[in-house]
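Below is one structure, written out as structure tokens, with a few remarks after it.
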Number of protein chains: 2
Amino acid sequence: MVITEKHIQIISKAEELFATKGYEATTVRDIADAAGVNLAMISYYFGSKEKLLEALFQERMNTTKHRIETIVKTETLSPFQKIEIIVDEYINRVAEKQAFYKIMLCEQVINKNTVVMKLLKDLKLVYAALISGVIEEGQRTRVFKKDIDVVMMLTTMTGTVTNMLVNKEYYREFNNQKKISNTLFEEQLQVNLKKHVKQIFKALLGYES
Amino acid sequence: MVITEKHIQIISKAEELFATKGYEATTVRDIADAAGVNLAMISYYFGSKEKLLEALFQERMNTTKHRIETIVKTETLSPFQKIEIIVDEYINRVAEKQAFYKIMLCEQVINKNTVVMKLLKDLKLVYAALISGVIEEGQRTRVFKKDIDVVMMLTTMTGTVTNMLVNKEYYREFNNQKKISNTLFEEQLQVNLKKHVKQIFKALLGYES
DNA sequence: TAAAAATTCAAACAATTGTTTGAATTTATC
DNA sequence: GATAAATTCAAACAATTGTTTGAATTTTTA
């Protein structure tokens with residue numbers, strides 16, 4: 001399918017709505033209104049509401065895959081540096097596309113749309129393979145511990161970061177950060193998250209910075 | 001509201017359906033059929049579909065709160081023992097009520113039902129207060145580090161465990177555990193999760209077992 | 001610029017939604 | 001065992017859903 005500017009416009013508005021109302025509760029009329037197009041345009045451009053969701057996942061996960069691949073190709077980095085970059089990049093990506101990662105969270109639970117689930121599985125395999133490679137490299141040079149549970153480790157990273165998406169306001173309240181601006185809070189949260197996940201990874205992998 | 005056996009029956013079937021299809025995609029007719037009652041009974045017993053969801057949260061989170069409170073009351077335990085029990089109990093609870101925690105995940109994203117959100121916030125505050133107390137106790141006796149980010153720590157626990165709910169099959173596949181039985185896999189996963197979260201908490205809190 | 005293709009639109013489509021109705025049946029109360 | 005209350009049920013309710021239609025408009029092509 002050829003993606004035009006119009007596609008992007010509709011996808012991006014749908015993304016917002018799916019994230020705030022949920023996929024099922026978002027009507028095609030909601031999306032059309034938000035995107036400023038006629039109701040029939042969604043079917044005309046995407047075929048159906050479901051295929052619009054699939055197009056959204058295709059689009060977002062394509063760019064994600066590209067960004068991951070560029071990390072792997074950087075050969076000059078040490079295993080420990082690679083791990084840190086993977087963490088930084090993941091947290092940047094979630095912060096950048098918060099709405100999408102919220103949708104992802106729900107879609108994984110529902111586990112219904114086969115196209116979406118296939119895309120998710122592929123991405124996870126790419127991730128696991130990438131990390132596994134880095135870890136094995138680090139194990140050969142005796143920087144990392146033996147017997148690392150890669151998927152468990154990844155689950156902690158994605159779980160912590162995506163869970164923070166829904167715990168954010170609560171985190172802010174508990175730490176008395178209601179006074180500071182939204183953007184400053186978001187920035188600080190990203191810094192804290194990166195530090196936190198890296199600290200965990202260090203403990204799991206056994207290296208010292 | 002007085003909860004009868006019939007209420008429980010409907011709530012429990014609704015829980016299953018909400019977890020597998022999502023709240024919005026689950027129809028009142030689905031629930032009535034699954035529970036073996038007439039369609040009108042859901043309105044008759046709960047008032048509406050939305051209030052049924054609220055009743056589900058009320059019910060499940062009441063029992064959760066009770067179980068948490070009993071942990072706090074055990075005075076003879078050391079801070080480190082308390083932390084370990086909190087982790088064990090949390091993972092047991094999620095394993096026991098997987099469907100409910102899946103619904104919880106989605107409802108937190110949607111953030112729509114105010115009654116549900118209030119219940120969630122209350123529970124989170126109870127949790128944060130409980131952990132904070134234990135951590136402060138451990139800090140006084142110099143067993144735990146200073147400057148612990150409690151909410152961040154909790155987010156890692158809940159994030160890891162609930163994310164594993166949707167990563168489970170993938171975890172199984174990656175670790176070549178497709179041959180073993182479902183119950184055995186679930187048991188092993190619980191053991192691994194407990195070990196994993198405790199290891200992370202040790203690193204974050206700074207104690208050694 | 002004329003013909004063809006692509007896009008936009010209001011209107012209508014059938015299907016499904018949560019909820020209510022009011023009569024029938026069961027259970028509880030005295 | 002008669003009266004009252006609670007429960008069950010099939011049917012109907014109005015509203016909303018995703019999608020399609022076919023004519024009107026715009027854009028592209030030649």
Q | Non-neighbouring partners of B/K49 that pass salt bridge (charged side-chain N to carboxylate O under 4.0 Å, His left out), sequence neighbours left out | A | none
Q | Counterpart residues, salt bridge (charged side-chain N to carboxylate O under 4.0 Å, His left out), relative to B/E15 (two or more places apart) | A | B/R60
Q: Would you mind building the protein contact string for nucleotides 13-21 of chain C? One character per nucleotide, 5' to 3', B for base within reach (heavy atoms under 4.0 Å), S for sugar-phosphate only, - for untouched.
A: ----BBBBB
Q | Distance in angstrom units between A/D33 CG and C/dT8 P, rounded | A | 16 Å
(Q) Tell me the interatomic distance from B/M41, atom CE, to C/dT25, atom P, rounded to whole angstroms. (A) 15 Å
Q.
Show me the pairs that pass salt bridge (charged side-chain N to carboxylate O under 4.0 Å, His left out) and involve residues 90-108 of chain B, at least two apart or across chains.
A. B/R67-B/E96
Q: Report the residues that fulfil side-chain contact (heavy atoms from CB on, under 4.5 Å) with A/D30, sequence neighbours left out, ordered by chain and then residue number.
A: A/L17, A/K21, A/T26, A/T27
Q | Separation of D/dT7 P from B/Q9 CD (nearest whole Å) | A | 16 Å
**Q.** Partner set under salt bridge (charged side-chain N to carboxylate O under 4.0 Å, His left out) for B/K145, not counting sequence neighbours
**A.** none
